[in-house]
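Notes follow the structure.
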Amino acid sequence: MRISRKQFIKTSALIGGGLLLQSNKLLSAVSSGDERFKTIRNNFGVFTEKGGTIGYYIDDNALVVIDTQFPDTAQHLMEGIRKQTSRSIDILFNTHHHGDHTSGNPYLKQFAKDIVAHENVPALQRKRNMKPGEEDKIVVANVTFKDSFTADAGKEKIKAFHLQPAHTGGDSVIHFENANIAHLGDLVFNRVFPWFSLDDEGSFVSWVEYLKKLESGFDNDTLFIFGHGQGMDLAHVTGKKADIAVMREYLETILTFTEKQIKAGKSEEEVASIKEIPQVKDRKANWDNALGINLREAYKELKRK
Ligand SMILES: [Zn+2]
């Protein structure tokens, strides 16, 4: 049978649409009509409601969840996932200790076989997140690792690794090697000002190096999930290597700027009161004085060297 070009295009579009429907069917039950669930690719999705972006992977023989937000939103996450699978969570990762990534642990623990995090995360959770009388709100990983952790999960090979201090003293990257998707936790605040406090045992200087290593270690196909972005849609909470470079350049900019201020004899208060600098554009503030807070911590870190 000969088909005209016009018919061919029409037929291809129908077949293409059909295939697309089928491959998305697995996650459509989770995400249908609910904007908090977004399908990425190959059984991967993200959940955004409040706090750090949650990543999840579902296949017939695996359920993996990365980060947990808060008790109420962790429950919303599970309600969506339960439309697709009744499995336990084979691995629940915490990318780092911050409360908007780990406060859902107490709720999700009942579904999870293992909670996995870098070895510094449990202590940082207790030190930084625990309030008197609320000790039960701190649920920490039962499996920890120093440099890396690997696991097979259904059709996926997972490698989690930690390189050095950055956003905190315990940031991990969770890489799904077959799909080539990596959750970066808060190593990238995508075009928003990062939260950073030296009390979390991170380092701006070391963070730059961490990101350089990610830029050279991953390829141009890798799809990254970011803890935070300017919005909650996929265009903001996922991205490519170029977006890591934008984050690194921001950190380099504030370090260079602060170094100059120190050399010029400026005080910590003077530097921390700066509201904007020309080198930083197109970065949104999610809280008051976001730049000033970063500059104060950069000042303290550079001074203590
Ligand atoms: Zn964080």
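These numbers come from the heavy atoms of this one structure, side chains and all, not from hydrogens, waters or symmetry mates. Whatever order the structure lists them in is the order used to number ligands and atoms, beginning at 1.
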Exercise. Could you label the plane-to-plane angle of the Y57 and F44 rings as parallel, tilted or perpendicular, counting under 30° as parallel and over 60° as perpendicular?
Key: tilted
Quiz prompt | Aromatic ring pairing H101/H96, orientation class (parallel under 30°, perpendicular over 60°, tilted between) | solution =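 Plane angle between 30° and 60°, so tilted.
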Quiz item: Can you tell me the angle formed at the Zn ion (ligand 1) by OD2 of D186 and NE2 of H96, to 10°?
Solution: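 Taking the Zn ion (ligand 1) as the apex, the two atoms subtend 90°.
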Practice problem: Determine which of the N, O or S atoms in H167 is closest to the Zn ion (ligand 1) and give its atom name. | Solution: NE2
Exercise. Grab the two heavy atoms, one from A245 and one from E215, that are nearest each other, plus how far apart they are.
Key: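 A245 and E215 have their closest heavy atoms at CB-OE1, 3.6 Å.
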Under 2.8 Å from the Zn ion (ligand 1), can any N, O or S atom of [X] be found?
X	answer
D100	no
H98	yes
H101	no

Practice problem: Give a yes or no on whether a salt bridge exists between K213 and E209, defined as a side-chain N under 4.0 angstrom from a carboxylate O. | Solution: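 E209 and K213: not salt-bridged.
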Self-check item: Over 12 foreign heavy atoms within 6.0 Å of CG, D288
Solution: no
